[in-house]
Amino acid sequence: MSESTFDREFYVYDANHRFAAMYPLLARQIVEDLGVSEGVCLDVGTGSAAVIIELAKITPLSMIGLDAKPEVLDLARENVALHGLPGDRFRFLEADVTAIPLETASVDLLISRGSVPFWDDHVVAFAELYRVLAPGGAGMVGCGFSRYQPIEEVRAMRPKWTGDGAKDARNDWKAEGYLPRVLAEAGIGEAAVTKDAYGVWVTMRKA
Ligand SMILES: C[S@@+](CC[C@H](N)C(=O)[O-])C[C@H]1O[C@@H](n2cnc3c(N)ncnc32)[C@H](O)[C@@H]1O
C-alpha cells in the first residue's frame, strides 16, 4: 500500500472529527441505496471505523473492519467503545485489500470509503471484493461524501488534493474509462460507476 503518513487526528472519531456531520448521513444513504441491513458488513480501509460505527447504530449488521495499518485498528477499537457500542459486534482484520482473509461469499454488505486511491492493484482488489460478496449482497466502493449533505458542506470538507486532477496520482483511478476497464478485468458484470460533485462511487451487486 502506498499511503505513507499517519494522521492520528483523522482516526479519532469523535464530535470534533472533520467529517463528523457526514458519516451518519452516509450510513443512512448506504442502507437506503443498497437495501441491505442484515447479515455481515465488511468495511475495507475502515480507518477510524466511522462508517461501520454509524451503520451499527441504525442496523443489526455484524461488522468487520479491515485495514492494512495496525495502529489504525487500535484507534478503531477505541472509537467503538467511545460511541457506546458493544465490542462483540465488531471484528477487526489487519490485511491488504488484495488478500482478504474471509471466506468466499461471506459478506452481505460491502463498503469502502476513501481507501481506493491508495490501492496498488485495482483489478486484484476489486476481484477480491467481489469474491467475498455473498449472492444477494451489495457494495459501495469509492471516495467522497453523502448526497444527503448540502453540497456547500461537501465542498468545504473535500481535501485539497482532490482538486489537483492529473497532478496528483491519488486521482488516477478516476480517469475516464479506468474503472469500467478495472471492473471488466475483475470479472464484475453487475456494477455501476457514478461520478458527481459528491464523489466517485462504484456500486456492485451479486445476483
Ligand atoms: C482516508 S482513510 C479512510 C478511512 C475511512 N474509511 C473513512 O472513510 O474515514 C484510508 C484507509 O485505507 C487504508 N488502506 C490504504 N490502502 C489499503 C490497502 N491496500 N488495504 C487495506 N487498507 C488500506 C488506510 O490504512 C486508511 O486507514
Side-chain angles (χ1 to χ4, degrees), residues 1-30 41-57 61 63-80 82-83 90-102 107 109-132 139-149 153-154 157-162 164 168-174 182 186 198-202:
M1 92 190 229
S2 47
E3 196 193 19
S4 54
T5 50
F6 177 51
D7 171 8
R8 192 179 187 282
E9 197 195 335
F10 184 76
Y11 296 97
V12 175
Y13 179 44
D14 61 14
N16 299 318
H17 192 283
R18 71 188 86 141
F19 299 157
M22 179 266 292
Y23 293 113
L25 297 176
L26 182 66
R28 191 156 58 80
Q29 184 196 321
I30 289 167
C41 172
L42 171 67
D43 181 17
V44 172
T46 193
S48 65
V51 177
I52 48 177
I53 284 172
E54 294 305 330
L55 281 168
K57 293 178 187 173
L61 285 157
M63 305 301 178
I64 302 175
L66 178 148
D67 206 287
K69 286 189 181 170
E71 64 271 40
V72 162
L73 294 176
D74 289 342
L75 289 170
R77 285 187 193 91
E78 287 176 24
N79 291 331
V80 168
L82 190 69
H83 284 256
F90 292 78
R91 212 175 125 197
F92 289 103
L93 300 174
E94 182 192 335
D96 194 280
V97 61
T98 53
I100 300 175
L102 290 176
V107 168
L109 179 64
L110 172 70
I111 175 75
S112 179
R113 178 197 172 273
S115 190
V116 63
F118 305 105
W119 300 347
D120 292 328
D121 189 330
H122 288 119
V123 173
V124 175
F126 273 96
E128 189 61 350
L129 294 173
Y130 198 62
R131 176 186 72 77
V132 298
M140 253 175 82
V141 178
C143 215
F145 299 87
S146 170
R147 59 164 208 286
Y148 293 175
Q149 293 174 266
E153 184 179 277
V154 167
M157 282 183 175
R158 190 175 288 124
K160 296 277 175 285
W161 60 264
T162 57
D164 276 352
D168 195 307
R170 286 173 293 186
N171 287 317
D172 288 357
W173 66 286
K174 297 184 201 164
V182 164
Y198 288 92
V200 181
W201 292 95
V202 174

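Each ligand, and each atom within it, is numbered from 1 in the order the structure gives.
When the options Y13, Y23, Y11, W119 are ranked by their closest heavy atom to atom 17 (C) of ligand 1, first place goes to W119. Closest heavy-atom approach to atom 27 (O) of ligand 1 within the set L75, D67, V72, I52: this belongs to D67.
For ligand 1, none of its N or O atoms has an N or O atom of L66 under 3.5 Å away. No N or O atom of F10 sits closer than 3.5 Å to an N or O atom of ligand 1.
The distance from atom CG of D43 to atom CG of D67, rounded to the nearest 0.5 Å, is 8.5 Å.
Contacts between V44 and ligand 1, counted as non-hydrogen atom pairs separated by less than 4.0 Å, are absent for every part of the residue. Contacts with ligand 1 closer than 4.0 Å are made by no heavy atom of A50, backbone or side chain. Within the 4.0 Å heavy-atom criterion, neither part of F19 lies near ligand 1.
Using a 30° and 60° split on the angle between ring planes, Y13 and H17 fall in the perpendicular class, above 60°.
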Side chain to side chain contact (heavy atoms under 4.5 Å, CB included) between V80 and I52, intermediate numbers included = CA-CA 9 Å; V80 168; I52 48 177; over 6 Å; no

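Residues passing the salt bridge (Lys or Arg N to Asp or Glu O under 4.0 Å) test with D74, sequence neighbours excluded: R77.
Note that R158 lies outside the cation-pi zone of Y198, set by a 6.0 Å cut-off to the ring centre and a 45° limit from the axis.
Close to ligand 1: A95, with a non-hydrogen atom less than 4.0 angstrom away.
Using a cutoff of 4.0 Å between basic side-chain nitrogens and carboxylate oxygens, R170 and D168 are scored as salt-bridged.
Residue contact check: D96 has heavy atoms under 4.0 Å from atoms 18 (C), 19 (N), 20 (N) of ligand 1.
A donor-acceptor pair under 3.5 Å links the side-chain atoms of Q29 to the main chain of R147, judged by distance alone.
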